[in-house]
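Below is one structure, written out as C-alpha coordinates; the observations come after it.
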Amino acid sequence: MEKKDRFSFETHLAHDAERNPNGAVVPPIYQNSLFTFEGWDDIDEAFDNRLDRFIYSRGKNPTVKAVEEKLATLAGGEKSQLFPSGMGAISAAVMHCVNAGDHVITIKNLYGPASNFLASYLKPKFGVEVTFVEGKEISDFETAIQENTSLIYLESPSSAVFSLQDIEAVAKLAKSKGIKTIIDNTWTSPIYQKPLAMGIDLEIHSCSKYIGGHSDVVAGVVIGSAKDIDAITLKEYEWIGAKMAPFEAWLLLRSLRTLPVRMKQHVENAKAVAEFLENHPKVQLLRWPGAKSFDQKALAAKQMTGLTGLMGFQLRTESLDNIKAFVNGLQLFQLGVSWGGHESLIYAPAISYLKELSPEQFKGLGISLGDMRISVGLENKDDLIADLDQALSLI
(Lines give C-alpha, C1' and ligand atoms only; values in the text may rest on other atoms or scores of the structure.)
Protein backbone atom coordinates (compact mmCIF):
# COMPACT_ATOMS: atom_id res chain seq x y z
CA MET A 1 0.00 0.00 0.00
CA GLU A 2 1.35 3.41 -0.93
CA LYS A 3 1.98 5.92 1.82
CA LYS A 4 -0.80 8.26 0.70
CA ASP A 5 -3.35 5.43 0.77
CA ARG A 6 -2.90 4.94 4.53
CA PHE A 7 -4.38 8.33 5.30
CA SER A 8 -7.55 10.28 4.61
CA PHE A 9 -7.90 12.58 1.64
CA GLU A 10 -7.78 15.55 4.03
CA THR A 11 -4.42 14.51 5.44
CA HIS A 12 -3.00 13.82 1.99
CA LEU A 13 -4.09 17.24 0.76
CA ALA A 14 -2.30 18.95 3.63
CA HIS A 15 0.99 17.12 3.22
CA ASP A 16 3.28 16.43 0.30
CA ALA A 17 4.18 12.86 -0.60
CA GLU A 18 7.91 13.66 -0.69
CA ARG A 19 9.98 15.94 1.52
CA ASN A 20 10.51 19.35 -0.05
CA PRO A 21 14.00 20.73 -0.70
CA ASN A 22 15.81 21.91 2.45
CA GLY A 23 12.92 20.72 4.62
CA ALA A 24 10.62 23.54 3.43
CA VAL A 25 7.11 23.10 4.84
CA VAL A 26 5.71 24.89 1.77
CA PRO A 27 6.68 23.47 -1.65
CA PRO A 28 8.71 25.79 -3.91
CA ILE A 29 7.38 27.41 -7.06
CA TYR A 30 9.15 26.23 -10.19
CA GLN A 31 8.73 29.50 -12.08
CA ASN A 32 10.59 28.08 -15.07
CA SER A 33 9.88 28.47 -18.76
CA LEU A 34 12.28 25.63 -19.62
CA PHE A 35 14.46 22.91 -18.11
CA THR A 36 18.03 22.06 -19.16
CA PHE A 37 19.66 18.68 -19.74
CA GLU A 38 23.04 17.05 -19.19
CA GLY A 39 23.51 15.97 -22.78
CA TRP A 40 22.06 14.81 -26.12
CA ASP A 41 20.84 11.43 -24.88
CA ASP A 42 19.12 12.96 -21.86
CA ILE A 43 17.03 15.47 -23.81
CA ASP A 44 16.41 12.92 -26.57
CA GLU A 45 14.92 10.52 -23.99
CA ALA A 46 12.87 13.37 -22.49
CA PHE A 47 11.13 14.01 -25.81
CA ASP A 48 10.23 10.31 -25.94
CA ASN A 49 8.58 10.67 -22.51
CA ARG A 50 6.98 14.11 -22.68
CA LEU A 51 4.18 13.13 -20.30
CA ASP A 52 6.61 12.50 -17.46
CA ARG A 53 9.66 14.67 -18.19
CA PHE A 54 9.99 18.43 -17.75
CA ILE A 55 11.12 20.16 -20.95
CA TYR A 56 9.11 23.35 -21.36
CA SER A 57 6.38 24.69 -19.05
CA ARG A 58 3.80 24.83 -21.83
CA GLY A 59 3.90 21.09 -21.29
CA LYS A 60 4.86 19.79 -17.85
CA ASN A 61 5.99 21.78 -14.82
CA PRO A 62 6.84 20.38 -11.35
CA THR A 63 4.57 22.78 -9.44
CA VAL A 64 1.65 22.15 -11.77
CA LYS A 65 2.21 18.41 -11.67
CA ALA A 66 2.12 18.37 -7.85
CA VAL A 67 -1.35 19.95 -7.88
CA GLU A 68 -2.58 17.66 -10.66
CA GLU A 69 -1.56 14.60 -8.65
CA LYS A 70 -3.40 15.84 -5.55
CA LEU A 71 -6.57 16.69 -7.50
CA ALA A 72 -6.58 13.29 -9.22
CA THR A 73 -6.20 11.56 -5.85
CA LEU A 74 -8.98 13.61 -4.29
CA ALA A 75 -11.44 12.87 -7.12
CA GLY A 76 -10.48 9.21 -7.41
CA GLY A 77 -9.07 9.57 -10.92
CA GLU A 78 -5.86 8.21 -12.39
CA LYS A 79 -4.64 11.56 -13.71
CA SER A 80 -5.66 15.19 -14.12
CA GLN A 81 -4.70 18.12 -16.34
CA LEU A 82 -4.85 21.71 -15.13
CA PHE A 83 -5.96 24.54 -17.41
CA PRO A 84 -5.81 28.34 -16.98
CA SER A 85 -9.62 28.54 -16.67
CA GLY A 86 -12.68 26.39 -16.16
CA MET A 87 -13.75 27.06 -19.75
CA GLY A 88 -10.31 25.95 -20.92
CA ALA A 89 -10.92 22.63 -19.18
CA ILE A 90 -14.46 22.36 -20.56
CA SER A 91 -13.57 23.12 -24.17
CA ALA A 92 -10.56 20.79 -24.16
CA ALA A 93 -12.54 17.90 -22.65
CA VAL A 94 -15.41 18.36 -25.11
CA MET A 95 -13.09 18.56 -28.13
CA HIS A 96 -11.37 15.39 -26.95
CA CYS A 97 -14.71 13.57 -27.10
CA VAL A 98 -16.28 14.89 -30.32
CA ASN A 99 -15.45 15.11 -34.00
CA ALA A 100 -17.03 17.09 -36.81
CA GLY A 101 -20.60 15.93 -37.45
CA ASP A 102 -21.05 14.27 -34.05
CA HIS A 103 -24.04 14.73 -31.75
CA VAL A 104 -23.93 15.92 -28.11
CA ILE A 105 -26.64 15.65 -25.46
CA THR A 106 -26.59 18.10 -22.58
CA ILE A 107 -28.95 19.80 -20.14
CA LYS A 108 -30.93 23.00 -20.63
CA ASN A 109 -29.71 24.60 -17.41
CA LEU A 110 -26.07 24.50 -18.41
CA TYR A 111 -23.40 27.05 -17.53
CA GLY A 112 -23.88 29.81 -20.12
CA PRO A 113 -20.40 29.84 -21.76
CA ALA A 114 -20.40 26.02 -21.95
CA SER A 115 -23.82 26.11 -23.60
CA ASN A 116 -22.59 28.67 -26.10
CA PHE A 117 -19.42 26.71 -26.82
CA LEU A 118 -21.54 23.73 -27.83
CA ALA A 119 -24.41 25.45 -29.64
CA SER A 120 -22.87 28.67 -30.96
CA TYR A 121 -19.30 27.56 -31.68
CA LEU A 122 -19.00 23.84 -32.36
CA LYS A 123 -22.34 23.63 -34.18
CA PRO A 124 -21.74 26.26 -36.90
CA LYS A 125 -17.99 25.66 -37.26
CA PHE A 126 -17.87 21.86 -37.20
CA GLY A 127 -21.44 20.69 -37.71
CA VAL A 128 -21.74 19.28 -34.19
CA GLU A 129 -25.41 18.72 -33.37
CA VAL A 130 -26.59 19.54 -29.84
CA THR A 131 -29.74 18.40 -28.06
CA PHE A 132 -30.70 20.13 -24.80
CA VAL A 133 -32.80 18.05 -22.40
CA GLU A 134 -34.38 18.60 -18.98
CA GLY A 135 -32.18 15.85 -17.57
CA LYS A 136 -34.08 15.01 -14.39
CA GLU A 137 -35.23 11.66 -15.84
CA ILE A 138 -33.01 9.04 -17.48
CA SER A 139 -35.59 8.82 -20.27
CA ASP A 140 -34.65 12.38 -21.25
CA PHE A 141 -31.25 11.08 -22.33
CA GLU A 142 -32.48 7.76 -23.74
CA THR A 143 -34.86 9.38 -26.18
CA ALA A 144 -32.28 11.96 -27.29
CA ILE A 145 -29.61 9.46 -28.35
CA GLN A 146 -28.87 9.36 -32.08
CA GLU A 147 -26.57 7.18 -34.17
CA ASN A 148 -23.90 9.88 -34.14
CA THR A 149 -24.12 10.72 -30.41
CA SER A 150 -20.58 10.74 -29.05
CA LEU A 151 -20.96 12.71 -25.80
CA ILE A 152 -23.35 13.30 -22.92
CA TYR A 153 -22.37 16.40 -20.97
CA LEU A 154 -23.73 16.81 -17.42
CA GLU A 155 -23.73 19.46 -14.72
CA SER A 156 -25.21 18.22 -11.46
CA PRO A 157 -26.43 20.24 -9.65
CA SER A 158 -27.17 22.41 -12.66
CA SER A 159 -26.68 26.15 -13.07
CA ALA A 160 -29.40 28.56 -11.94
CA VAL A 161 -31.97 25.98 -10.77
CA PHE A 162 -29.72 23.35 -9.09
CA SER A 163 -31.56 20.33 -10.50
CA LEU A 164 -29.83 16.92 -10.45
CA GLN A 165 -29.19 14.25 -13.01
CA ASP A 166 -28.89 10.57 -12.04
CA ILE A 167 -25.15 10.36 -12.65
CA GLU A 168 -24.78 6.60 -12.28
CA ALA A 169 -27.77 5.84 -14.52
CA VAL A 170 -26.57 8.23 -17.25
CA ALA A 171 -23.06 6.78 -17.13
CA LYS A 172 -24.42 3.23 -17.42
CA LEU A 173 -26.63 4.21 -20.36
CA ALA A 174 -23.77 5.98 -22.11
CA LYS A 175 -21.37 3.07 -21.70
CA SER A 176 -23.93 0.66 -23.16
CA LYS A 177 -24.01 2.83 -26.29
CA GLY A 178 -20.28 3.59 -26.51
CA ILE A 179 -20.87 7.26 -25.64
CA LYS A 180 -18.40 9.36 -23.64
CA THR A 181 -19.56 11.27 -20.53
CA ILE A 182 -18.33 14.51 -18.99
CA ILE A 183 -19.60 16.22 -15.85
CA ASP A 184 -18.98 19.68 -14.47
CA ASN A 185 -18.68 18.81 -10.78
CA THR A 186 -17.74 22.30 -9.57
CA TRP A 187 -20.79 22.83 -7.31
CA THR A 188 -20.09 19.95 -4.95
CA SER A 189 -16.30 20.20 -5.16
CA PRO A 190 -14.42 16.89 -5.29
CA ILE A 191 -15.12 16.55 -1.56
CA TYR A 192 -18.86 15.85 -1.71
CA GLN A 193 -19.45 14.06 -5.03
CA LYS A 194 -17.39 11.39 -6.81
CA PRO A 195 -18.68 11.08 -10.40
CA LEU A 196 -15.72 8.99 -11.61
CA ALA A 197 -16.67 6.26 -9.14
CA MET A 198 -20.18 6.34 -10.65
CA GLY A 199 -18.84 5.61 -14.14
CA ILE A 200 -18.34 9.10 -15.61
CA ASP A 201 -15.37 9.36 -17.98
CA LEU A 202 -14.20 12.91 -17.34
CA GLU A 203 -14.79 15.20 -14.36
CA ILE A 204 -14.32 18.96 -14.65
CA HIS A 205 -13.92 21.65 -12.01
CA SER A 206 -13.56 25.38 -12.19
CA CYS A 207 -10.70 25.68 -9.71
CA SER A 208 -11.57 29.36 -9.40
CA LYS A 209 -14.40 28.30 -7.10
CA TYR A 210 -14.11 26.10 -3.98
CA ILE A 211 -10.80 24.47 -4.91
CA GLY A 212 -9.13 27.88 -5.11
CA GLY A 213 -11.36 29.33 -2.43
CA HIS A 214 -9.72 32.75 -2.10
CA SER A 215 -10.96 34.59 -5.22
CA ASP A 216 -7.39 35.03 -6.45
CA VAL A 217 -7.02 32.22 -9.01
CA VAL A 218 -8.65 31.52 -12.37
CA ALA A 219 -8.08 27.88 -13.31
CA GLY A 220 -9.76 24.64 -14.34
CA VAL A 221 -9.04 20.93 -14.23
CA VAL A 222 -10.04 17.77 -16.12
CA ILE A 223 -9.76 14.50 -14.20
CA GLY A 224 -10.14 10.95 -15.54
CA SER A 225 -8.32 7.88 -16.75
CA ALA A 226 -4.64 8.07 -17.65
CA LYS A 227 -5.53 7.22 -21.26
CA ASP A 228 -7.97 10.12 -21.65
CA ILE A 229 -5.89 12.67 -19.74
CA ASP A 230 -2.68 11.78 -21.59
CA ALA A 231 -4.49 12.24 -24.90
CA ILE A 232 -5.86 15.63 -23.80
CA THR A 233 -2.43 16.71 -22.55
CA LEU A 234 -0.66 15.86 -25.81
CA LYS A 235 -3.32 17.40 -28.06
CA GLU A 236 -5.83 19.91 -26.67
CA TYR A 237 -3.56 21.15 -23.86
CA GLU A 238 -0.26 21.41 -25.74
CA TRP A 239 -1.54 22.32 -29.20
CA ILE A 240 -4.03 24.99 -28.17
CA GLY A 241 -1.35 26.32 -25.83
CA ALA A 242 -3.52 27.34 -22.86
CA LYS A 243 -0.88 26.42 -20.30
CA MET A 244 -1.25 26.55 -16.52
CA ALA A 245 0.99 29.10 -14.76
CA PRO A 246 3.25 27.70 -11.99
CA PHE A 247 2.37 30.52 -9.59
CA GLU A 248 -1.38 29.94 -9.91
CA ALA A 249 -0.81 26.21 -9.46
CA TRP A 250 1.13 27.00 -6.28
CA LEU A 251 -1.82 29.07 -5.02
CA LEU A 252 -4.08 26.05 -5.63
CA LEU A 253 -1.63 23.90 -3.67
CA ARG A 254 -2.02 26.37 -0.79
CA SER A 255 -5.81 26.22 -1.07
CA LEU A 256 -6.05 22.43 -1.15
CA ARG A 257 -4.57 22.30 2.33
CA THR A 258 -7.68 23.99 3.77
CA LEU A 259 -10.34 22.74 1.34
CA PRO A 260 -12.08 20.23 3.67
CA VAL A 261 -12.18 22.72 6.57
CA ARG A 262 -13.47 25.55 4.37
CA MET A 263 -16.19 23.35 2.89
CA LYS A 264 -17.49 22.42 6.34
CA GLN A 265 -17.86 26.08 7.27
CA HIS A 266 -19.50 26.97 3.95
CA VAL A 267 -22.09 24.25 4.58
CA GLU A 268 -22.72 25.27 8.20
CA ASN A 269 -23.34 28.88 7.16
CA ALA A 270 -25.42 27.85 4.16
CA LYS A 271 -27.79 25.73 6.24
CA ALA A 272 -28.57 28.68 8.50
CA VAL A 273 -29.05 31.08 5.58
CA ALA A 274 -31.22 28.57 3.71
CA GLU A 275 -33.52 28.07 6.70
CA PHE A 276 -33.95 31.84 6.97
CA LEU A 277 -34.72 32.29 3.27
CA GLU A 278 -37.09 29.34 3.04
CA ASN A 279 -39.26 30.84 5.77
CA HIS A 280 -39.14 34.48 4.67
CA PRO A 281 -42.44 35.90 3.33
CA LYS A 282 -40.70 37.84 0.54
CA VAL A 283 -38.98 34.74 -0.87
CA GLN A 284 -41.06 32.77 -3.36
CA LEU A 285 -38.79 29.76 -3.79
CA LEU A 286 -35.45 28.45 -2.49
CA ARG A 287 -33.32 26.62 -5.05
CA TRP A 288 -30.87 24.39 -3.13
CA PRO A 289 -30.53 20.61 -2.77
CA GLY A 290 -30.72 21.04 1.00
CA ALA A 291 -34.05 22.89 0.91
CA LYS A 292 -37.08 21.26 2.57
CA SER A 293 -39.00 21.71 -0.70
CA PHE A 294 -36.28 20.20 -2.92
CA ASP A 295 -37.92 17.55 -5.09
CA GLN A 296 -34.88 15.28 -5.65
CA LYS A 297 -33.90 14.54 -2.06
CA ALA A 298 -33.52 10.79 -2.60
CA LEU A 299 -31.19 11.27 -5.57
CA ALA A 300 -29.18 13.90 -3.68
CA ALA A 301 -28.70 11.49 -0.77
CA LYS A 302 -27.67 8.74 -3.19
CA GLN A 303 -24.94 10.57 -5.06
CA MET A 304 -23.87 13.49 -2.85
CA THR A 305 -22.26 13.26 0.58
CA GLY A 306 -22.65 16.94 1.39
CA LEU A 307 -24.00 20.32 0.40
CA THR A 308 -22.22 23.57 -0.44
CA GLY A 309 -22.78 27.29 -0.05
CA LEU A 310 -24.08 28.13 -3.54
CA MET A 311 -27.87 28.47 -3.73
CA GLY A 312 -30.59 30.38 -5.51
CA PHE A 313 -33.86 31.92 -4.46
CA GLN A 314 -36.67 33.70 -6.22
CA LEU A 315 -37.95 36.98 -4.85
CA ARG A 316 -41.70 37.36 -4.43
CA THR A 317 -41.80 40.36 -6.77
CA GLU A 318 -41.61 41.04 -10.51
CA SER A 319 -40.79 44.73 -10.10
CA LEU A 320 -37.33 45.56 -11.43
CA ASP A 321 -37.19 48.54 -9.06
CA ASN A 322 -37.82 46.27 -6.08
CA ILE A 323 -35.29 43.73 -7.29
CA LYS A 324 -32.64 46.43 -7.69
CA ALA A 325 -33.48 47.86 -4.25
CA PHE A 326 -32.84 44.46 -2.67
CA VAL A 327 -29.54 43.86 -4.48
CA ASN A 328 -28.25 47.38 -3.94
CA GLY A 329 -29.32 47.33 -0.29
CA LEU A 330 -27.04 44.45 0.68
CA GLN A 331 -23.97 45.42 2.67
CA LEU A 332 -22.09 42.16 3.39
CA PHE A 333 -23.09 40.27 0.25
CA GLN A 334 -21.01 41.78 -2.54
CA LEU A 335 -22.26 41.85 -6.13
CA GLY A 336 -20.07 39.65 -8.34
CA VAL A 337 -20.21 36.89 -10.94
CA SER A 338 -18.09 34.14 -9.41
CA TRP A 339 -18.45 32.14 -6.20
CA GLY A 340 -16.76 29.71 -3.85
CA GLY A 341 -14.44 32.21 -2.14
CA HIS A 342 -14.31 33.26 1.49
CA GLU A 343 -16.54 36.30 0.84
CA SER A 344 -20.30 36.09 0.38
CA LEU A 345 -21.55 37.15 -3.05
CA ILE A 346 -24.85 37.76 -4.80
CA TYR A 347 -25.68 37.72 -8.49
CA ALA A 348 -28.78 37.77 -10.67
CA PRO A 349 -28.16 35.06 -13.31
CA ALA A 350 -30.60 36.68 -15.74
CA ILE A 351 -28.20 39.61 -16.21
CA SER A 352 -25.61 37.55 -18.07
CA TYR A 353 -27.89 34.83 -19.41
CA LEU A 354 -29.99 37.42 -21.27
CA LYS A 355 -26.78 38.55 -22.97
CA GLU A 356 -25.20 35.13 -23.50
CA LEU A 357 -28.17 33.04 -24.61
CA SER A 358 -30.85 33.33 -27.22
CA PRO A 359 -34.38 34.23 -26.02
CA GLU A 360 -35.41 30.61 -26.60
CA GLN A 361 -32.51 29.27 -24.53
CA PHE A 362 -33.21 31.71 -21.70
CA LYS A 363 -36.89 30.81 -21.66
CA GLY A 364 -35.93 27.15 -21.34
CA LEU A 365 -33.98 27.84 -18.15
CA GLY A 366 -37.15 28.57 -16.19
CA ILE A 367 -35.74 31.58 -14.32
CA SER A 368 -36.64 35.26 -14.15
CA LEU A 369 -35.10 38.60 -13.19
CA GLY A 370 -36.20 37.89 -9.64
CA ASP A 371 -34.00 34.82 -9.35
CA MET A 372 -31.00 35.52 -7.14
CA ARG A 373 -27.89 33.38 -6.75
CA ILE A 374 -25.86 33.71 -3.57
CA SER A 375 -22.54 32.22 -2.57
CA VAL A 376 -22.56 31.89 1.20
CA GLY A 377 -19.04 32.63 2.40
CA LEU A 378 -17.16 32.22 5.65
CA GLU A 379 -18.38 35.29 7.54
CA ASN A 380 -20.49 35.07 10.70
CA LYS A 381 -23.76 33.41 9.72
CA ASP A 382 -25.86 35.68 11.94
CA ASP A 383 -24.38 38.73 10.22
CA LEU A 384 -25.21 37.27 6.81
CA ILE A 385 -28.81 36.59 7.81
CA ALA A 386 -29.15 40.10 9.23
CA ASP A 387 -27.85 41.55 5.97
CA LEU A 388 -30.35 39.58 3.88
CA ASP A 389 -33.16 40.50 6.27
CA GLN A 390 -32.57 44.25 6.08
CA ALA A 391 -32.25 44.15 2.27
CA LEU A 392 -35.47 42.14 1.91
CA SER A 393 -37.25 44.77 4.00
CA LEU A 394 -36.57 47.25 1.16
CA ILE A 395 -38.83 45.36 -1.26
Report all side-chain donor-acceptor pairs from residues 32-44 shorter than 3.5 Å, counting only partners two or more places apart or in another chain.
from: D42; atom 1: OD1; to: R53; atom 2: NH2; distance (Å): 2.9
from: D42; atom 1: OD2; to: E38; atom 2: N; distance (Å): 3.4

**Request:** Kindly indicate, with the supporting measurements, whether the criterion side-chain hydrogen bond (donor to acceptor under 3.5 Å, both in side chains) is fulfilled by Q193 and N185.
**Result:** CA-CA 7 Å; Q193 189 163 263; N185 195 38; 2.8 Å; yes

**Prompt:** Do the side-chain N and O atoms of Q334 and S344 include a donor-acceptor pair separated by under 3.5 angstrom?
**Reply:** no

**Asked** Any side-chain heavy-atom pair from F326 and M372 closer than 4.5 angstrom?
**Response** yes

**Item:** salt bridge (Lys or Arg N to Asp or Glu O under 4.0 Å) against D389, all qualifying residues, sequence neighbours excluded
**Value:** none

**Request:** Flag the pair L151 / T181 as yes when at least one side-chain heavy-atom distance between them is below 4.5 Å, and no otherwise.
**Result:** no

**Message:** Please enumerate all residues that pass side chain to side chain contact (heavy atoms under 4.5 Å, CB included) together with E275, with sequence neighbours excluded.
**Reply:** N279

**Item:** ring-ring contact (aromatic ring centres under 6.0 Å, His included) involving Y347 - partner list, sequence neighbours excluded
**Value:** none

**Item:** T308 side chain near M263 side chain, heavy-atom distance below 4.5 Å
**Value:** yes

**Complete:** Smallest heavy-atom separation, P27 atom then L253 atom, equals CG-CD2, 3.4 Å

**Request:** Indicate the atoms forming the closest heavy-atom contact of Q314 with S368, along with that distance.
**Result:** NE2-OG, 3.8 Å

**Request:** Could you tell me if the ring centre of W339 sits under 6.0 Å from that of Y210?
**Result:** yes

**Asked** Listed by chain and number, what are the salt bridge (Lys or Arg N to Asp or Glu O under 4.0 Å) partners of E142, not counting sequence neighbours?
**Response** none

**Request:** State, with a plain yes or no, whether a side-chain heavy atom of L394 is found less than 4.5 Å away from one of N328.
**Result:** no

**side chain to side chain contact (heavy atoms under 4.5 Å, CB included) partners of K302, counting only residues at least two apart** = D166, E168, L299

**Item:** Contact check, side chains of W187 and F162, non-hydrogen atoms, under 4.5 Å
**Value:** yes

**Request:** Go through the side-chain N and O atoms of K209 and S206 and say whether any donor and acceptor fall under 3.5 Å apart.
**Result:** yes

**Message:** Test of understanding: with side chain to side chain contact (heavy atoms under 4.5 Å, CB included), list the residues that count as partners of V161, not counting sequence neighbours.
**Reply:** N109, S158, S163, R287, I367

**Prompt:** Taking the side chain as C-beta and beyond, is there a heavy-atom pair between S115 and F132 under 4.5 Å?
**Reply:** yes

**Prompt:** Would E268 and H266 count as having a side-chain donor-acceptor pair, cut-off 3.5 Å?
**Reply:** no

**Message:** Run F141 and L173 through side chain to side chain contact (heavy atoms under 4.5 Å, CB included) and show every step you take.
**Reply:** CA-CA 9 Å; F141 298 96; L173 170 66; 3.9 Å; yes

**Complete:** Sorted by chain and residue number, the ring-ring contact (aromatic ring centres under 6.0 Å, His included) partners of F126 (sequence neighbours excluded) come out as none

**Prompt:** Do V128 and L118 come within less than 4.5 Å of each other through their side chains, counting heavy atoms only?
**Reply:** no

**Request:** Using the salt bridge (Lys or Arg N to Asp or Glu O under 4.0 Å) rule, collect all pairs that involve residues 224-253, keeping only residues at least two apart or in two chains.
**Result:** R50-E238, K79-D230, K180-D228

**Prompt:** Taking only residues two or more places apart in sequence, or in another chain, which ones meet F83 in a ring-ring contact (aromatic ring centres under 6.0 Å, His included)?
**Reply:** Y237

**Request:** Starting from the C-alpha separation in whole Å, work towards a yes-or-no answer on side chain to side chain contact (heavy atoms under 4.5 Å, CB included) for T149 and K177.
**Result:** CA-CA 9 Å; T149 302; K177 304 289 185 179; over 6 Å; no

**Fill in**
Heavy-atom closest pair (S215 atom, E343 atom, distance to 0.1 Å) is OG-OE2, 2.6 Å

**Asked** Which pair of heavy atoms, one from S375 and one from G340, lies closest together, and at what distance?
**Response** OG-N, 3.2 Å

**Message:** Ignoring hydrogens, what is the shortest heavy-atom contact between A89 and G220? Give both atom names and the distance.
**Reply:** CB-C, 4.0 Å

**Asked** Taking a hydrophobic cluster as the set of Ile, Leu, Val, Met, Phe, Trp and Tyr residues connected by side-chain heavy atoms closer than 4.5 Å, whether directly or through intermediates, do L378 and L259 fall within one such cluster?
**Response** no

**Message:** Does the plane of the ring in F247 sit parallel, tilted or perpendicular to the ring in W250? Use 30° and 60° as the thresholds.
**Reply:** parallel

**Prompt:** Under 3.5 Å, is there a donor-acceptor pair linking the side chains of Q81 and T233?
**Reply:** yes

**Complete:** Between S80 and the options K70, E68, E203, the side-chain contact (heavy atoms from CB on, under 4.5 Å) test singles out E68

**Message:** Quick one, I229 with I223, criterion side chain to side chain contact (heavy atoms under 4.5 Å, CB included). Give me CA distance, side-chain angles, the key distance, then yes/no.
**Reply:** CA-CA 7 Å; I229 299 302; I223 311 166; 5.6 Å; no

**Prompt:** Do T143 and E137 come close enough that some side-chain heavy atom pair is under 4.5 Å?
**Reply:** no

**Prompt:** Where do L164 and Q296 come nearest, in terms of heavy atoms and distance?
**Reply:** N-OE1, 2.8 Å

**Any donor-acceptor N or O pair under 3.5 Å, side chains T73, E69** = no

**Complete:** Hits for side chain to side chain contact (heavy atoms under 4.5 Å, CB included) against N148, two or more places apart or cross-chain, chain-then-number order -> H103, E129, Q146

**Item:** From CA spacing to verdict: side chain to side chain contact (heavy atoms under 4.5 Å, CB included), L345, I374
**Value:** CA-CA 6 Å; L345 298 169; I374 57 172; over 6 Å; no

**Prompt:** Can you tell which of T131, V133, I105 makes a side-chain contact (heavy atoms from CB on, under 4.5 Å) with D140?
**Reply:** V133

**Request:** Would you list the pairs meeting salt bridge (Lys or Arg N to Asp or Glu O under 4.0 Å) in which at least one residue belongs to residues 315-329, sequence neighbours left out?
**Result:** none

